[in-house]
Amino acid sequence: MKRFLTDVALGMMPSKVWTGIYDATGGYLVVKENGEILCYHIYNRNQFEDYLFENTKLETASSTRHEFGKVYQQNGEFYFKLNFQIRFK
């Protein structure tokens with residue numbers, strides 16, 4: 001889960017096949033609600049992963065707005081969309 005959160009934070013997008021190449025290579029800045037700035041460098045990867053794990057949550061998006069959870073057929077195959085959002089606490 002920590003690696004997934006890190007990949008999403010550093011470049012993974014749902015519209016593209018993930019290649020494992022990060023958009024951010026030097027580090028990551030986090031501005032907290034109180035204005036405090038946190039800086040994580042690549043060599044602080046474990047701390048960055050811990051921060052993401054402790055400060056994010058998974059949520060379900062609107063099922064009616066995004067039409068997920070419904071079974072549909074395409075080219076004779078049955079599919080259903082899965083959907084969730086990652087948010088900072």
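The structure displayed is predicted, hence computed values, not measured ones.
- Y40 pairs by the ring pair (Phe, Tyr, Trp, His ring centres under 6.0 Å) definition with F48, Y51, not counting sequence neighbours.
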Output a table of donor-acceptor pairs, distance under 3.5 Å, between side-chain atoms of residues 2-14 and any protein atom two or more places apart or on a different chain; print 'none' if there are none.
from : atom 1 : to  : atom 2 : distance (Å)
K2   : NZ     : D50 : OD1    : 2.6
T6   : OG1    : K2  : O      : 3.0
D7   : OD1    : Y22 : OH     : 2.9

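- Applying the salt bridge (charged side-chain N to carboxylate O under 4.0 Å, His left out) test to K16 and every residue at least two apart in sequence or in another chain returns nothing.
- Considering only residues two or more places apart in sequence or on other chains, K57 meets the salt bridge (charged side-chain N to carboxylate O under 4.0 Å, His left out) condition with E59.
- Summarising the geometry, atom NZ belonging to K89 is positioned 7.0 Å from atom OG1 belonging to T56; distances are rounded to the nearest 0.5 Å.
- Checked against ring pair (Phe, Tyr, Trp, His ring centres under 6.0 Å), Y72 has the following partners two or more places apart in sequence or in another chain: Y79.
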Exercise answer: donor-acceptor pairs, residues 26-38 side-chain atoms, under 3.5 Å, sequence neighbours excluded:
from : atom 1 : to  : atom 2 : distance (Å)
N34  : OD1    : E36 : N      : 2.9

